[in-house]
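See below for the structure under consideration.
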Amino acid sequence: MKKPTFSIIYNRRKDASASHASAVEVRVTAERRTIYLSTGVRLKSHEWNGSRVVRRLDADACNATISQFSDAVAAAINDLWSSGSFSFDALKERLNKAQDPRPELFSWWLERINAKPLKESTRKQHIVALEFVKASGLVSSWDDVTPASLLLLDEAIKRRVRSSTSVYGYHKRIKPYFRDAETFGFIARSPYVGFATPHGKSERIAYLTDDERHAMEVVELSDSSLIHARDCFLFCCYTGLAYADASSLTRDNFMDRDGALYIISERTKNRSEIAIKVIDKARALLERYDFKMPFVSNQKYNLYLKAVAKHAGISKRVTSHMARHTFATSALHNGIPIEVVSKMLSHADIGTTQLYAKVLAADVMAAFDKLNETK
């Protein structure tokens with residue numbers, strides 16, 4: 001028996017393209033038999049120049065992985081040949097004991113989250129999605145990243161959240177990392193290829209009526225946490241600011257001009273400019289708290305708002321973002337043109353503001369229905 005030979009080959013199945021990755025393997029031949037051993041690296045057609053990985057940010061790391069695996073194959077062949085115990089099964093067993101060249105799945109995933117240029121609020125959402133996948137037990141290693149596991153994950157997500165938009169949100173935060181894993185060659189193909197993730201329909205915009213907002217204003221509260229939450233909510237009702245924007249304000253964002261107070265900032269969501277003239281009710285709240293509203297985490301804030309609403313006799317599910325909706329619908333109710341309301345809300349697209357107008361139109365139609373029911 002001649003000593004086994006080996007070589008590095010790429011794209012054995014001739015299926016590599018500019019969009020589809022193919023494997024880099026080590027071919028081992030002995031006694032007219034051949035086996036192929038995966039290096040764990042997969043490349044698209046333009047990323048291999050015949051002997052090395054090129055045109056990738058991680059090209060050096062990929063080349064190192066291929067070289068280390070090739071060296072491990074050579075060492076195993078030499079040891080087994082020298083001892084007279086070479087066989088393909090013995091070679092595979094020896095190599096299987098070696099460490100997987102791919103990084104640990106969830107450590108790599110977290111590194112990718114931290115490496116991406118995300119807003120901190122978005123980064124936290126991506127980490128929540130990662131932790132959900134990890135806790136599900138459906139995916140624990142690269143070999144588990146399959147279409148079947150994704151289908152089970154989808155079912156688990158639907159058990160966790162109610163709305164179709166929330167389900168889409170989870171997939172939106174998971175999908176990029178499976179795509180990255182394919183690009184890095186850790187998996188053959190992202191399981192999201194061919195998997196439909198519909199946006200779903202947004203839930204109806206919820207807001208407080210003028211009477212409900214007044215009930216929030218006058219309700220007697222004894223718990224300081226509830227008082228602070230109520231005041232923060234009303235501040236957003238008076239200014240139209242979203243929770244993320246209002247909670248990040250500092251004294252530097254306030255400007256006095258000709259006796260009027262203005263808020264000058266930018267939206268966390270789209271970096272559009274915020275320029276608000278503070279009305280008297282909002283100014284009174286700011287002065288009460290020395291221009292730093294007592295916001296807490298969004299989770300605690302929403303929990304406190306639920307209790308405040310109960311005390312105020314409001315049956316609606318009051319959340320932090322409802323304040324912004326309340327501002328918008330109140331402004332439209334009071335005859336402010338939609339173009340002006342759009343600028344007041346710092347919307348990048350007036351189409352977003354038009355959603356509120358549709359809500360008001362639906363309320364008007366519902367009012368006619370009530371009149372029809374009157375005896």
Side-chain angles (χ1 to χ4, degrees), residues 121 202-219 221 223-249 253-254 261-263 265-270 272 274-289 291-334 336 338 340-348 352-360 363:
S121 58
S202 298
E203 296 179 355
R204 188 175 183 268
I205 290 175
Y207 63 95
L208 297 186
T209 64
D210 289 345
D211 288 342
E212 289 168 334
R213 187 188 63 209
H214 180 67
M216 292 275 281
E217 292 171 338
V218 300
V219 64
L221 301 169
D223 186 294
S224 61
S225 295
L226 300 188
I227 294 172
H228 291 168
R230 184 270 307 275
D231 289 349
C232 288
F233 182 83
L234 291 174
F235 176 72
C236 291
C237 285
Y238 302 147
T239 61
L241 289 171
Y243 164 83
D245 302 324
S247 61
S248 63
L249 292 177
N253 294 120
F254 298 98
L261 180 67
Y262 296 84
I263 296 174
S265 184
E266 65 176 21
R267 289 207 65 196
T268 301
K269 185 175 182 178
N270 57 20
S272 59
I274 293 174
I276 295 171
K277 186 175 183 179
V278 181
I279 66 174
D280 291 343
K281 286 184 176 181
R283 183 165 191 158
L285 287 172
L286 285 169
E287 291 174 348
R288 182 183 306 168
Y289 293 102
F291 289 85
K292 184 60 180 176
M293 297 302 297
F295 282 96
V296 292
S297 70
N298 202 24
Q299 184 178 15
K300 286 185 178 180
Y301 184 35
N302 283 317
L303 186 64
Y304 294 151
L305 287 177
K306 183 178 180 181
V308 172
K310 185 175 181 180
H311 282 293
I314 298 171
S315 59
K316 293 176 180 176
R317 179 173 171 266
V318 178
T319 64
S320 60
H321 206 61
M322 188 183 282
R324 184 167 167 84
H325 296 329
T326 299
F327 172 87
T329 52
S330 178
L332 291 171
H333 265 306
N334 284 283
I336 298 176
I338 191 170
V340 177
V341 174
S342 183
K343 292 185 181 298
M344 294 168 81
L345 292 169
S346 300
H347 279 160
T352 306
T353 321
Q354 288 170 341
L355 294 174
Y356 296 104
K358 290 179 181 179
V359 169
L360 296 182
D363 286 348

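What you see is a predicted model; the values in this text were computed from it and never measured.
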The reported gap from CG in L221 to NE2 in H228 (rounded to nearest 0.5 angstrom) is 11.0 Å
So NZ of K300 and OG of S225: to nearest 0.5 Å the spacing works out to 8.5 Å
Would you give me the side-chain donor-acceptor pairs under 3.5 Å for residues 302-313, sequence neighbours excluded?
{"from": "N302", "atom 1": "OD1", "to": "S320", "atom 2": "N", "distance (Å)": "2.7"}
{"from": "N302", "atom 1": "ND2", "to": "N298", "atom 2": "O", "distance (Å)": "3.1"}

OG1 (T326) and NE2 (H321) are apart, to the nearest 0.5 Å, by 10.5 Å
Residues at least two apart in sequence or cross-chain that pass side chain to side chain donor-acceptor pair (under 3.5 Å) with S265, listed by chain then number, are none
Is it the case that over 12 heavy atoms from other parts of the model lie below 6.0 angstrom from the CD atom of E287? yes
Acceptor/donor pairs from residues 209-219 side chains to any protein atom, 3.5 angstrom cut, sequence neighbours excluded:
{"from": "T209", "atom 1": "OG1", "to": "E212", "atom 2": "N", "distance (Å)": "3.2"}
{"from": "T209", "atom 1": "OG1", "to": "E212", "atom 2": "OE1", "distance (Å)": "3.4"}
{"from": "E212", "atom 1": "OE1", "to": "T209", "atom 2": "N", "distance (Å)": "2.8"}
{"from": "E212", "atom 1": "OE1", "to": "K316", "atom 2": "NZ", "distance (Å)": "2.9"}
{"from": "H214", "atom 1": "ND1", "to": "E217", "atom 2": "OE1", "distance (Å)": "3.4"}
{"from": "E217", "atom 1": "OE2", "to": "Y238", "atom 2": "OH", "distance (Å)": "2.5"}
{"from": "E217", "atom 1": "OE2", "to": "K281", "atom 2": "NZ", "distance (Å)": "3.3"}

Heavy-atom neighbours of K292 NZ exceed 12 at 6.0 Å = yes
Which of F295, F235, F291 passes side chain to side chain contact (heavy atoms under 4.5 Å, CB included) with L249? It is F235
dist C236:SG -> M322:CE (nearest 0.5 Å) comes out at 13.0 Å
One should read off an interatomic distance between I314 CD1 and L208 CG, to the nearest 0.5 angstrom, of 5.0 Å
Between D231 and L285 the two heavy atoms that sit nearest each other are O-CD1, 3.5 Å
- Task: Would you check if T239 and D245 make a side-chain contact, meaning some heavy-atom pair closer than 4.5 Å?
- Result: no
With sequence neighbours left out, the residues meeting side chain to side chain donor-acceptor pair (under 3.5 Å) with S248 are none
Those residues at least two apart in sequence (or on a different chain) that pass side chain to side chain donor-acceptor pair (under 3.5 Å) with E266 are R271
Residues at least two apart in sequence or cross-chain that pass ring pair (Phe, Tyr, Trp, His ring centres under 6.0 Å) with Y262, listed by chain then number, are none
